[in-house]
Amino acid sequence: MRSASMQTASPLDASKKAPRLPLFLAISGALALLAVLLPQALPWIKTPFIFSTAFGIAALGVAILVRAGQVSFGHAMYMCLAGYFVAYLSRWAGGLDAILLLLGGTGFAALCGLVIGSFVVRYRTIFFGMLNLALSMVLFAVLGKFYHYTGGTDGMRVNRAAIFGVRLDRDGFESALLYLSVALAMLIGYAVHRYFRSAAGEALAAMKTNETRLEYVGISTYRVFLTGYVLSAALCGLAGAIFAISQGLVTPEMGYWVRSGEIVFISILGGVIHPVGAFIGSLIFEFVKLYAAAYLTGAWQMTLGTVLLVMVFFAPDGVAGLLARRILAQEGQERKAGGRP
Amino acid sequence: MDSQTVLLAVLDGLSYGALLFLVAVGITIIFGVMNIVNMAHGSMFAIGGYLAATVGGWLLAASLSPYWAAVLLPVVAVVVGVVLGGLLESLLIRRIYGKDPVLQLLVTFAAFMIFEDLQRLVWGGQPYSSSELVSALGVIDVLGISYTTYQLLVVPGTALLVFFALRLALRRTLVGKQVMAVAHHREVSTTLGINVRRVCLFTFMAGSALGALGGAMSVQTTSWVLGIGAEMIVLSFAVAATAGLGQIEGALVAAVLIGLARSFSVYLLPELEVLMPYIIMTLVLLFRPQGLFSVAQARRV
Amino acid sequence: MKRCVLTRLLGASLLALGAVAAHAQAPKPGELKVGITTFLTGPASVFGLPAKAAAEMIIEDINAKGGIGGVKVVPMFIDEGVGGDRMLSEYRRLVQEQGVRVMLASISSGSCNILAPVAEDLKVVNIMYDCSAQRILEDRRYQYVVRSHGNTTSEHLSSVLYLLRTKPDFKTIAVVNQDYAHGRDSWEMFITALKVFKPDVKVVAELFPKFGATDFSTEVSRLQALRPDVVLSTSWGGDLDTFIRQAAQRGLLRNSTFMLSLGESSLERLGNTLPEGVIIGARGDHYFLHPQFKDDPQFQSFVKRFKERTGKYPIYPVFHMAQALSALQAGYDIALKQNGGAWPTDEQLAAALHGSDSAGLTNKVLIREDGQGMEWQLWGVTKKDPAYNFPVLDRMAMYPPELVTAPVGQSSLEWVQSLKPSIINDPSILTFPASTSAK
């Protein structure tokens, strides 16, 4: 535990207000347009885009925790829980609409987040991270072991569902799911942005700078953190449900700790300063992974690991932070040039 | 459960626990001194194993006696610890002191990812094994069950040796005392004139070497594949967290505890075998988050 | 069912002759891309890499003779070792981005369970070349998915029959199988069949270490304490190698008779770790010293070339790959002929595969109307041979596919329970004399 006086101003100090930059709105719009238009020329790109969107949503969930100064290396378990819930639902209540499956998966993950969070949020830093890790490994091991209930390491299939009551063939289904995911991503990005600027979101950021003072002011850090935790679990759950429905398969690997690490990676790579960062990070991640086999002899982990190291030392705010800094610098110069104080 | 099965479970558990200790103690001393959780520690374990398998292959090809491995395994461990650990510390770890803890974890995670691909590029995707030493040492019969001498005596023996050597080094040697001072309070140690940078480098190299030793010893009895580092990190976390990060004595007890729990569950509740380390870790963290053996610290504001 | 296939063939031929409907005629591709999934990394790669080498070698031979239908064949490999989810993404990418229309997938039953429905959905022809899960083709009728070899039923029913012939008086048995689809299904098939013929057998332990496990010391300890008469394992690849090595280190192979249903693929790698008297299955009639083919010049030439190329004798994944590629060739030959020489569509190829038969390197395999392959099963017992530094098979027996495969439309598990003990010594079983060298 470092004393506050020793603490250097962290680049991730999210108490800085995320700048109201029209640039980010423009980028969000551009990404959404890209996701919708590019598949017209390259139909196979729909699936990687759906995955990017899903992981971006999960990274947003983790960004909520990062705002409070905590990191969880176990949040892939919420993706996994939601995915398996969707698989069971589609098996027992065959013919359920995809929308219901998504709601079900998200709701289940949020519920688990509430139950688990109720005791996990009492911990901080290393212990918080490790407890989440331990729980995710328990889930991973259980799913892999109980072959007759969970399909073991082979996993379970998720049959294709109707969307809004319409049964589509594979091509139409993928398009519909893509549009749905992108729409959800934009909605959620906006919601998270509002959350960060709300009282609850600011309290979450305050937990990072000085938790005791927050308690002193009369705000229950337990409640603040629990709310943030449940939200992050719900977002990871939604991501898991989207993934399960699009892949058509859930395996215990979805909950492996390395996956959790990758989600944290994505959120930092993209930058937690603005929700669009999570999606930028996720696109970079997905496409490097996809093309590594073709261009980098499969060494995607080495590539991305090096990229992350470079980012941490030179641009710790992530890609979004880089962009924000550039715009602020430009604005600053314009102001100087305009002669304003 | 009859007495023969109990003895079997105890012996299996002790052997497995000894291996866990060797790997976990590395992570725990690094955290104790530098306050950093090194996620790349599992990579030290994996690379130690790969290198030991390669060395074993050379011994075989040169028709040298497998007993040479007894000398070469620690050498492999030291090489990995000094070279990789030293590189990692001086290039990366040193520069992230004082940064946000999230970034610190991510830097070591990125290092882990790089090392995973490094293993694949150097050693390929096929499994490696190197069991000449184990075969040479033969078997021991205990109550009608054969155990390899290696598993029964060499591994626990090495773990105990390491344990006592560490204790001795930390309490009696000058370097050891400096390490303990830095672990206790970094700033005060600097004012006392201790070269904290060098101490940290040394600790990191020693911790990595211990992880690599665990790998080098483990490869003699198991088959080495990609991904074994990732598995071992969580297991060694489980041990270190159960003990209390920074507690060496605790790490030994926790490792044995987890080893015994796992081996007993193989006989009593076989389906829960893989879960045991994580269940124990969860339970301990829930009721005593600092670990079983750590001293409570006042939270500094 | 045959009528349905015939009608389809007739309809397709008519449409092709019409040459107006664009859908009935596929343009002849510049090259025939074939996607092949195999284990390139991990413990199973010791099994998957020989299959890759075989594919490359055989495809070179095919291309040297002008390719399939005059088109050059280009293999594209997918790694099964990265896990089901990543493999699935790569499979989809090959089909959707690279336009691959023929896939040979997979080795692992787990992979096949995942990929078969996806192949059907993507409408690509998928030949399962090494996975035995019989249920894939029993639970559902597939149009595009077939299997070019036997399945769990033929493999493990014949294993029970061979065990009862070789060691009829054992009382206790334990199983150590990999914890995934094949490990679980093969045990279910084995014990169901065994209980039909030997209802009072005692199962002392059912151990399922995880797929890709690297440490079996706890399993070995338990077996040492229990001392069963027979230890069965349907493990394969690196898992089997490690398990046998660890068991041998502690003397377990001395105390119990081991039965390794997929052991032919590990004979050379295990070398003299394996003692004599271990029951070995070849997962089909695949063995480099096959009693019917070892003197055949074409067979010998292949074995020799494979050994020169890879340094090891061919094992059954190699033979399975040969079978799959010859089935593919046969399918295209039939479809091309029926199409009047024009390149067939995927549907025509899929239809041509059903009911075709072809020979890889050993006996012919018929692909039935339900997509299941009918393959002979070879079993033997290990015996030392001074000519090789690993044991060879002795007292071999071969089981004909009709004897050990469930009829079309019947669930294998139900059919097995209706069998009579007289089939243990059925006259259609081929046996080969024990080698004369004194033991």
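Residue numbering restarts at 1 for every chain, and letters A, B, ... go by the order of the sequence lines. Worth saying up front: this structure is predicted, and the values here are computed from it rather than measured.
Contacts of A:L131 with chain B are made by both backbone and side-chain atoms, with heavy-atom separations under 4.5 Å. For B:V37, the part sitting under 4.5 Å from any heavy atom of chain A is the side chain, from C-beta outward, and nothing else. Neither the backbone nor the side chain of A:F140 comes within contact range of chain B; no heavy atom of the residue lies under 4.5 Å from a heavy atom of that chain. For a residue to count as touching a neighbouring chain, one of its non-hydrogen atoms must lie under 4.5 Å from one of that chain's; by this rule B:R95 touches chain A with backbone and side chain alike. B:A241 touches chain A through backbone and side chain together, each having a heavy atom under 4.5 Å away. Using a 4.5 Å cut-off between heavy atoms, B:L92 contacts chain A through both its backbone and its side chain. For B:L118, the parts sitting under 4.5 Å from any heavy atom of chain A are the backbone and the side chain alike. Both the backbone and the side chain of A:F265 come within contact range of chain B, each with at least one heavy atom under 4.5 Å from a heavy atom of that chain. Interface residue B:F31: only side-chain heavy atoms are found under 4.5 Å from chain A.
The OG1 atom of A:T303 sits 9.0 Å away from atom CD1 of B:I114, with the distance rounded to the nearest 0.5 Å. In this structure, B:Y16 OH and B:S218 OG are separated by 8.5 Å, a value rounded to the nearest 0.5 Å. Rounded to the nearest 0.5 Å, atoms CZ (A:F225) and CD (A:E211) are 8.5 Å apart. Distance check: A:M207 CE to A:E215 CD gives 9.0 Å after rounding to the nearest 0.5 Å. Rounding to the nearest 0.5 angstrom, the gap separating the NZ atom in A:K289 from the CD atom in A:Q301 is 9.0 Å. Expressed to the nearest 0.5 Å, how far CZ of A:F196 lies from CG of A:L60 amounts to 7.0 Å.
Contacts with chain B were tallied for A:Y123, A:F146, A:F313, A:Y256; A:Y123 has the most, counting heavy-atom pairs under 4.5 Å. Put simply, of A:G305, A:G129, A:G69, the one with the most heavy-atom pairs under 4.5 Å next to chain B is A:G305. Top candidate by heavy-atom pairs under 4.5 Å with chain B, chosen from A:V307, A:L304, A:L308, is A:L308. Per-residue heavy-atom pair counts under 4.5 Å with chain A were compared for B:T282, B:I279, B:V274, and the maximum is reached by B:T282.
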### Query
After noting the C-alpha distance and the side-chain angles of A:H75 and A:S232, does the key distance pass the side chain to side chain donor-acceptor pair (under 3.5 Å) rule?
CA-CA 8 Å; A:H75 258 53; A:S232 74; 2.8 Å; yes
### Message
Assess the residue pair B:W123 and B:L51 against the criterion (side-chain contact (heavy atoms from CB on, under 4.5 Å)); give the C-alpha distance rounded to whole Å, side-chain angles, the decisive distance to 0.1 Å, and a yes or no.
### Response
CA-CA 9 Å; B:W123 281 283; B:L51 201 56; 4.0 Å; yes
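For residues 254-264 of chain B, the side chain to side chain donor-acceptor pair (under 3.5 Å) pairs, not counting sequence neighbours, are B:R262-B:E273.
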